[in-house]
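Down below is the structure, laid out as structure tokens.
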Amino acid sequence: MSVRRERRIDVLLAASVAVGILGQWLVTSYVVADGLRVAGLLVALPEWAPATWLLQTVPVFFLAGGYARGGERAPNPPRLRPVLVFLLAWGAALAVLSVNGFSLAAIGEIVGPVLAPLEFLAPYLLLTAIAPWLRRAVARHGWVAALVPAVCVALVDVVRFTWPTLGWLGHLNTIAVWAVPFLLGLAWRQGRVSGAWLLGGGGLLAAALIVLGGYPVAMLEVPGAPVSNVAPPSAALLAFACAQCGLAVLAGDRLGRRAAAPRIATVISDAACPLYLWHQTAPALISLATVRLGPVAGLTSPPTDASWLLPRLAWLPLFAATLVGLLALARPRRGRPRDRGKGDCRAVATCDAVEE
């Protein structure tokens, strides 16, 4: 029995990570104006909210994760070491910021976007830990197994929006919403899901929830918005996730299972975990390095209109270079050849071990 990678999973996962990072870098920024705060482009340009449907790609991340865990020889669960290194590094950074005169309010603004990726990775680690049980449930019930967390999401939303004092229940959706694309990935691996039905049904449901249910249009976090589809995840985000998973299944089926993926897709998919962990740290560090200069166009200047995007785009190569440097620093040191691979964080959702 030979071990191989699957091109469609590498390509889908790489696209999910790359587009997701790009979206966060474009719509969220630090602003130096009467202190340091987080601002979002969508606050100034709410009519651009539909663009977030192209930039929110976390559902594909979980779909690929479920697919990767769908075989009998699934890859080992992601290790906690990269997350611990990330938390320790930012713990030290917070001490440095405090010593250098940053207020608690400013520190809170800084770490908000930086720690946001943990909202996705924590549920992923849980789902991968219980993947063998989920795989058996999908083997018995097919895609219908995904209806259980989906119904939970709907019930939680009804309760928290009907009785605002119970809004804290929305955090239960952090696991339930992302369990659905994960289960759909398991079902896809078993050939028991229809991409066309997911795309059509999820898209129509998402549109209905937005138009008739009053859910926000934006599928990314909008700082200061009274209601969010992301924090905590909502039923509208779940419907959108199903539609996106359907599109990914259709695209993946066209890509095929056996052909080799482009090298860049393989590299990005293998680095999915650290990329997600560190991607918001890159703009944070650059913004902090220039904070004494006052507002810098496209970096720490307020995003007030579309013209802000042009200088913002000019900063993206520096963000990317900084992110690569952070990954190099956080990467485990290699030991003897026989120990290689024991400590590195391979793709959170890569499918690099499947049966022929």
Side-chain angles (χ1 to χ4, degrees), residues 3 5-6 9-22 24-25 57-58 60-62 64-65 68-69 74-97 110-111 113-129 260-289 315-353:
V3 176
R5 303 179 71 105
E6 287 203 15
I9 300 304
D10 277 334
V11 171
L12 289 174
L13 182 57
S16 164
V17 172
V19 174
I21 290 175
L22 176 64
Q24 290 296 329
W25 284 352
T57 56
V58 173
V60 176
F61 185 86
F62 279 83
R69 311 292 159 178
N76 293 327
R79 296 181 179 272
L80 292 177
R81 182 189 182 281
V83 178
L84 295 177
V85 169
F86 173 80
L87 293 176
L88 288 173
W90 265 103
L94 295 183
V96 172
L97 292 174
I110 293 168
V111 301
V114 165
L115 298 182
L118 295 177
E119 296 177 7
F120 305 113
L121 292 181
Y124 186 85
L125 292 173
L126 174 61
L127 290 169
T128 54
R263 177 61 178 169
I264 184 63
T266 301
V267 171
I268 293 176
S269 66
D270 281 347
C273 172
L275 281 169
Y276 259 121
L277 273 176
W278 291 96
H279 78 274
Q280 287 290 59
T281 299
L285 291 180
I286 297 171
S287 299
L288 289 171
W315 285 100
L316 296 188
L318 184 56
F319 290 174
T322 303
L323 178 56
V324 171
L326 289 169
L327 297 188
L329 290 173
R331 185 178 181 179
R333 296 295 176 262
R334 299 291 188 176
R336 292 173 295 178
R338 66 181 182 183
D339 294 330
R340 288 186 178 180
K342 288 187 177 180
D344 60 350
C345 177
R346 294 186 60 79
V348 176
T350 195
C351 183
D352 58 347

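Looking at Thr322 and Thr281, their side chains never come closer than 4.5 Å, going by heavy atoms from C-beta outward. Tyr124 has its side chain within reach of Phe62: a pair of non-hydrogen atoms, C-beta onward, lies under 4.5 Å apart. Contact of the Ile268 side chain with the Asp10 side chain is not registered, since no non-hydrogen atoms from C-beta on lie closer than 4.5 Å. Within the 4.5 Å cutoff, no side-chain heavy atoms of Trp278 are placed close to those of Val114.
For the pair Leu275 and Val17, the tightest heavy-atom approach, listed with the atom from each and the gap, is CD1-CG1, 3.8 Å. Between Ala272 and Leu13, the closest heavy-atom pair is CB-CD2, 4.2 Å. Residue Pro117 comes nearest to His279 through the heavy atom pair CG-CE1, 3.8 Å, listed as atom of the first residue, atom of the second, then distance. Closest of all the heavy-atom pairs between Val85 and Ala330 is CG1-CB, 4.4 Å.
Under the rule for a side-chain contact (heavy atoms from CB on, under 4.5 Å), the partners of Leu126 that lie at least two apart in sequence or sit in another chain are Ile175. Scored by the side-chain contact (heavy atoms from CB on, under 4.5 Å) test, Leu118 finds Val83, Phe86, Leu87, Leu115, Leu277 as partners (sequence neighbours excluded). With sequence neighbours excluded, no residue forms a side-chain hydrogen bond (donor to acceptor under 3.5 Å, both in side chains) with Ser16. Residues meeting the side-chain hydrogen bond (donor to acceptor under 3.5 Å, both in side chains) test with Trp25, sequence neighbours left out: none. Ala265 is linked by a side-chain contact (heavy atoms from CB on, under 4.5 Å) to Val11, Ala14, Ala261, Pro262, counting only residues two or more places apart in sequence or in another chain. Scanning for side-chain contact (heavy atoms from CB on, under 4.5 Å) contacts around Val19 gives Leu55, Thr57, with sequence neighbours left out.
Between Phe61 atom CZ and Ser269 atom OG the span is 11.0 Å, to the nearest 0.5 Å. Note that CG of Leu94 is 8.0 Å distant from CD1 of Ile110, once rounded to the nearest 0.5 Å. Atoms CD and CG, from Gln280 and Leu323 in turn, are 10.0 Å apart once rounded to the nearest 0.5 Å.
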What verdict does the side-chain contact (heavy atoms from CB on, under 4.5 Å) test give for Ile21 and Phe319, after you've listed the backbone C-alpha separation in whole Å, the side-chain angles of each residue and the deciding distance to 0.1 Å? CA-CA 10 Å; Ile21 290 175; Phe319 290 174; over 6 Å; no

